[in-house]
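All values reported here derive from a predicted model rather than from experimental measurement. Along the sequence shown, the residues carry numbers beginning at 1.
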Amino acid sequence: LLGWSIGGSWRDYYNQKADYGLSTHDMPVSFVEAWYYELPYGVGRKWGAQSPQFARQTIGGWNVSGAVRLTSGMPLWIPVQWADGMNHLGNYGFPGNALPDLVGNPIPKHRNENNWINPDAFQGLSSSGSGGLVTCGKDPNCQPFPFRYGNEPQHYGTLREAGSRNVDLGVSKDFGSERYKVQLRGDFLNLFNHPVYGGSWNITNHFGWGPIGLVQGTRNDPRNIQVALKFMF
């Protein structure tokens, strides 16, 4: 669990089990498939080798390729913490992030890019100064516990970035003979323009810095269309 992901420090060096959990790169589902298909028509292919030149140049020479990637999202990096990032115990040689108590389901009932984390699932101290416990959805300015760590794990399998559902597609057409050939190709990356919400700091997760669970960016690029013309000899 430790490393670049949380700054390489235990919350409590004498109780390392408190930080036992999933890797930052945990991805229980990862499916990738790639394919390539040549239309079996034209010279050197199953059909159409003896067809008229116009038919071979029009119908033949088509190729389609693509790739599909379906994955689950990776765990959010320190799912929820306070804006100062530190617990009071850091002043006594116990560095670590000030985490709340997890008291409910952190996934909202109606999840979207403006509501990725349920603040009512987390508990801290009331900001009124009474010192009472309160869910941080009812009190967005809830405060960290002064001399203890919350029970929220550094990573857990429930609260994750969005999964990937990416499709890339390439279509090409060859013109000419076997010796001299021109290829016109179009590539459609992220064909269906599916966003993957997440990435470093792209989902707000700090109490005290405005609303948590607000998606501010994506891990992937939007749809990208490329066209190329290639001469082969």
- prompt: Is the closest side-chain donor-acceptor distance between Y37 and N63 under 3.5 Å?
  reply: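 Judged by distance alone, the side chains do not pair up.
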Could you check if a side-chain atom of [X] sits within less than 4.5 angstrom of a side-chain atom of [Y], using non-hydrogen atoms only?
X: N202; Y: Y197; value: no
X: L102; Y: Y156; value: yes
X: L125; Y: V134; value: no
X: V171; Y: R185; value: no
X: V103; Y: L133; value: no
X: L184; Y: V227; value: yes
X: F31; Y: T71; value: no
X: M74; Y: D26; value: no

message: Please check if the number of heavy atoms outside R111 that lie under 6.0 Å from its CZ is greater than 12.
response: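 Yes, enclosed.
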K230, NZ: over 12 other non-hydrogen atoms inside 6.0 angstrom: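 It does not: K230 NZ has 12 such atoms or fewer within range.
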Considering non-hydrogen atoms only, spot the tightest contact between [X] and [Y] and give its length.
X: F145; Y: Q123; value: CZ-O, 3.3 Å
X: V80; Y: E152; value: O-OE1, 2.7 Å
X: P140; Y: F207; value: O-CD2, 4.2 Å
X: P75; Y: S23; value: CG-O, 3.7 Å
X: C136; Y: G124; value: SG-N, 3.8 Å

What is the distance from atom [atom1] of [X] to atom [atom2] of [Y], rounded to the nearest 0.5 Å?
X: Q226; Y: F188; atom1: CD; atom2: CZ; result: 10.5 Å
X: S51; Y: I59; atom1: OG; atom2: CD1; result: 7.0 Å
X: N205; Y: I212; atom1: CG; atom2: CD1; result: 7.5 Å
X: R223; Y: D168; atom1: CZ; atom2: CG; result: 12.0 Å
X: L76; Y: T158; atom1: CG; atom2: OG1; result: 11.0 Å
X: L214; Y: I203; atom1: CG; atom2: CD1; result: 9.5 Å

Between [X] and [Y], is there a shared hydrophobic cluster once you connect ILVMFWY residues whose side-chain heavy atoms come closer than 4.5 Å?
X: L191; Y: L70; result: yes
X: Y36; Y: L169; result: no
X: W209; Y: I117; result: no
X: I225; Y: V167; result: yes
X: L22; Y: M27; result: no

I'd like to know if the side chain of [X] reaches the main chain of [Y], judged simply by a donor and an acceptor atom lying under 3.5 Å from each other, with no hydrogens or angles considered.
X: W116; Y: E161; result: no
X: D174; Y: Q183; result: no
X: T204; Y: P211; result: yes
X: T218; Y: V196; result: no
X: N220; Y: H194; result: yes
X: N190; Y: D221; result: yes
X: S72; Y: V29; result: yes
X: W62; Y: T58; result: yes
X: Q143; Y: N141; result: yes
X: W82; Y: C142; result: yes

- request: Kindly say whether the aromatic ring centers of F233 and F231 come within a distance under 6.0 Å.
  value: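 Aromatic pair counts; centres sit under 6.0 Å.
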query: Salt-bridged, R148 to D101, with N to O below 4.0 Å?
result: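 So R148 pairs with D101 through a salt bridge.
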query: Once the angle between the rings of W201 and H206 is folded into 0 to 90°, is it parallel (under 30°), tilted (30 to 60°) or perpendicular (over 60°)?
result: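 W201 and H206: tilted rings.
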